[in-house]
There are 2 protein chains.
Amino acid sequence: MIDHSADRAVFRQLADLLRNSIASGELGPGEPLPSELRLAQDYGISRTTVRQAIGQLRTEGLVTVDRPRGTFVRVPEAVQTVTLGRGERVGARMPTDAERRKHRLAEGVPVLVVTAADGAETVHPADRVQLARP
Amino acid sequence: MIDHSADRAVFRQLADLLRNSIASGELGPGEPLPSELRLAQDYGISRTTVRQAIGQLRTEGLVTVDRPRGTFVRVPEAVQTVTLGRGERVGARMPTDAERRKHRLAEGVPVLVVTAADGAETVHPADRVQLARP
DNA sequence: GATTATTTGTTCGTATGTATC
DNA sequence: AGATACATACGAACAAATAAT
C-alpha cells in the first residue's frame, strides 16, 4: 500500500488511499476514518505523517474532524439556490480564519463572492449555496 | 507579539500577524516572508510551529512557496471574465490533488464549477476566472 | 565548474492538553 | 475515573533544490 521508496511522499500516498476510499464509496458520507493511531499502526508510519495526510483531506473539504470523537467523511449540505442579479459577477476564494469562524464554515470550504454593479460584495458559503442565472 | 498563555494557539497567532502584515501592505505582492528559521528565532518558537502558521496562509491562498527560494505573498492573477449561459448554475469547491496538478493550480485556490442545464460540468480556476451574468 | 550555505520538504519521536465516551 | 482521540508544541535529522562563493 505504502511505498517508502517511491517519489511521492508517504503522507501523500496515504491521502491518495483515503481519498480513493471516499471516492469509491468504501467510506461513505458520515462514516468515520480509522483513528490516527490506528492508521499509523496499520501502515507502519508515525502519527505525524498520518496527520499530514488527514490535513490534506481537510483542506480539500473531504473530511471533517469532530474532536475528539474522530474524523468523518463529510456529509453534503443542503444546497440553496440564489438568483444572480443583473450585471453581477461571481468569483470564489478561500475564507480567512476570521471569516470561517464568523460564518461557521467547515474547513476546505470556499466562499462564493458576488460583486454587484456598484462594486458591493456579498459572500456565500460554497457548500450551501449555488448561484443561478435566471 | 506572541502570547504563550493565550487561548489562541501560537501558530494561529503568528498566522494572524503575518496575515495582518499582508492585508496592511507591509508585505506587498511578490515580497518574501522571512525564512522559517528566521521567524522561529524572532518569535522564540519552533520551526514546526512556524510551518503550521505558514501552512494556514497557504490554505487561504495568501502566500505561495517557491522551494527552496522562499515563501512569497501571492501576486494576483489577471482575471478573465466568462459569460454564463442560460440556466447555468455556479458552485465552488476545492480541487483534488489531481485536479490541482492537472490545471497547475496554486495552493488555496478553489475552482468554480459551472453546471449546464443538461448536467454537464465545467471547471474554472477561481484565481483567473470570474463569471458574469449578461 | 565545484563547493558551501540557505531554505523548504518530509519524517520521526516525545510530551502535554482537552474533550468525549 | 479511566481510556480514547484529536490539538498543540517542542526537538531532531536528513533530503532536495537553489543561490552564493
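Here is the naming used below: chain letters follow the sequence lines, and residue numbers restart at 1 for every chain. What you see is a predicted model; the values in this text were computed from it and never measured.
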From CZ of Phe72(A) across to P of dT20(C) the rounded distance in Å is 13 Å
Taking dC6(D), dT11(C), dT8(C) as options, the one with an atom nearest any side-chain atom of Glu36(B) is dT8(C)
Side-chain contact check for Ser46(B): nearest option of dT8(C), dT11(C), dC10(D) is dC10(D)
Next on the checklist: Heavy atoms only, 4.0 Å cut-off, all strands: where does Arg8(A) land among base, sugar-phosphate and nothing?
Outcome noted: nothing
**Request:** Report the C-alpha distance between Asp16(A) and Arg8(A) in whole Å, list the side-chain angles of each, state the deciding distance to 0.1 Å, and finish with yes or no for salt bridge (Lys or Arg N to Asp or Glu O under 4.0 Å).
**Result:** CA-CA 10 Å; Asp16(A) 292 341; Arg8(A) 194 160 176 76; 2.7 Å; yes
Margin query: Is it the case that the base of dA7(D) and the side chain of Arg47(A) share a donor-acceptor contact (distance under 3.5 Å, atom types as modelled)?
Written below: yes
Checklist entry - According to a strict under-4.0 Å criterion, is Arg69(B) in side-chain N/O contact with OP1 or OP2 of dA19(D)? => result yes
Checklist entry - Does any N or O in the side chain of Gln41(B) come within less than 3.5 Å of the main-chain N or O of Arg38(B), such that one atom is a donor and the other an acceptor? => result no
Exercise for the section: Would you sort out whether Arg101(A) and Asp97(A) count as a salt bridge (Lys or Arg N to Asp or Glu O under 4.0 Å), showing the intermediate values? Expected result: CA-CA 6 Å; Arg101(A) 288 195 305 260; Asp97(A) 205 51; 2.8 Å; yes
When you check the phosphate oxygens OP1 and OP2 of dT8(C), does a side-chain N or O of Thr71(B) lie under 4.0 Å from one of them?
yes
From the candidates dG11(D), dC6(D), dC21(C), the one with an atom nearest any side-chain atom of Thr48(B) is dG11(D)
Of the candidates dT11(C), dA19(D), dC6(D), the side chain of Arg51(A) sits closest to dC6(D)
Atom CZ of Arg67(B) and atom C1' of dG9(C) are separated, to the nearest Å, by 5 Å
In whole angstroms, the gap separating C1' of dT4(D) from CG of Leu33(A) amounts to 16 Å
Atom CD of Gln52(A) and atom P of dT8(D) are separated, to the nearest Å, by 15 Å
From the candidates dT10(C), dT8(C), dC6(D), the one with an atom nearest any side-chain atom of Pro68(B) is dT8(C)
- Task: Answer yes if Val63(A) and Leu14(A) sit in the same cluster of Ile, Leu, Val, Met, Phe, Trp and Tyr residues linked by side chain heavy atoms under 4.5 Å apart, and no otherwise.
- Result: yes
NA contact type, Arg12(A), heavy-atom cut-off 4.0 Å: base, sugar-phosphate, or nothing? sugar-phosphate
Rounded to whole Å, CG of Leu37(A) lies from P of dA7(D) at a distance of 14 Å
note: Gln41(A), atom CD; dT4(D), atom C1'; distance rounded to Å ~ 12 Å
Scanning both residues in full, the closest heavy-atom pair of Leu84(B) with Pro134(B) reads O-CD, 3.9 Å
Among the nucleotides dT7(C), dT18(C), dC10(D), whichever has the atom closest to the side chain of Thr49(B) is dC10(D)
Side-chain atoms of His4(A) come closest, of dA9(D), dC12(C), dC6(D), to dC12(C)
Whichever of Ala9(A) and Asp66(A) has the more 5' nearest nucleotide on DNA chain C, that residue is Ala9(A)
From the candidates dG9(C), dT8(D), dA7(D), the one with an atom nearest any side-chain atom of Arg58(B) is dG9(C)
